[in-house]
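Structure record follows, encoded as structure tokens.
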Amino acid sequence: MITLYTPATGFPDLETKIAYGLARVGIESFGMDKVCVINKAGFYEVNINVDIGLFGKFENTFNLICQRLLSSPYIPFKTPGIT
């Protein structure tokens with residue numbers, strides 16, 4: 001299992017956005033049935049129910065999403081909270 005944690009910033013809305021982003025990468029990598037997000041009172045735990053040896057696939061998907069979405073000139077103007 002791959003387990004990821006949000007950084008416990010003290011900002012609940014930011015924690016939720018980070019958890020959603022990590023979950024999205026997991027969903028795009030392995031499917032919705034493999035991803036579980038757990039609220040841990042101040043931070044989130046994102047569990048991806050696959051072998052740890054598949055972390056490279058998760059990492060590659062993360063890089064592809066960053067290239068596709070975050071490099072878009074439209075994202076800063078269309079997404080609240082990202083500028």
What's the separation between atom [atom1] in [X] and atom [atom2] in [Y], rounded to the nearest 0.5 Å?
| X | Y | atom1 | atom2 | answer |
| --- | --- | --- | --- | --- |
| I2 | L22 | CD1 | CG | 11.5 Å |
| N47 | Y5 | CG | OH | 7.0 Å |
| K57 | I48 | NZ | CD1 | 11.5 Å |
| T16 | F43 | OG1 | CZ | 13.5 Å |
| K17 | Y20 | NZ | OH | 12.5 Å |

Which atom of A23 lies closest to which atom of V37, heavy atoms considered |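 A23 and V37 have their closest heavy atoms at CB-CG2, 3.8 Å.
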Taking all atoms of both residues into account, what is the closest heavy-atom pair of V25 and I65, and its distance?
-> CG2-CD1, 3.8 Å
Report, as yes or no, whether the 6.0 Å neighbourhood of atom CE on M1 holds more than 12 heavy atoms from other residues, nucleotides or ligands.
->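 It does: M1 CE has more than 12 such atoms within range.
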Do F30 and V35 touch side chain to side chain, with heavy atoms closer than 4.5 Å?
-> no
Are the side chains of L4 and F58 in touch, meaning some heavy atoms are under 4.5 Å apart?
->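 The answer is yes, as the side chains (C-beta and beyond) meet within the 4.5 Å cut-off.
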Say whether F62 and I52 are linked into one hydrophobic cluster, either directly or through other cluster members, by side-chain heavy-atom distances under 4.5 angstrom.
->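 Yes, one cluster joins them.
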Any sub-3.5 Å donor-acceptor pair from T6's side-chain atoms to Y44's backbone N or O?
->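 Indeed, once roles are kept as given, a pair shorter than 3.5 Å links the two residues.
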Please identify each residue that fulfils side chain to side chain donor-acceptor pair (under 3.5 Å) with N39, with sequence neighbours left out.
->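 N39: no side chain to side chain donor-acceptor pair (under 3.5 Å) contacts found.
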Assess the side chains of E45 and T3: does a donor N or O sit below 3.5 Å from an acceptor N or O?
-> no
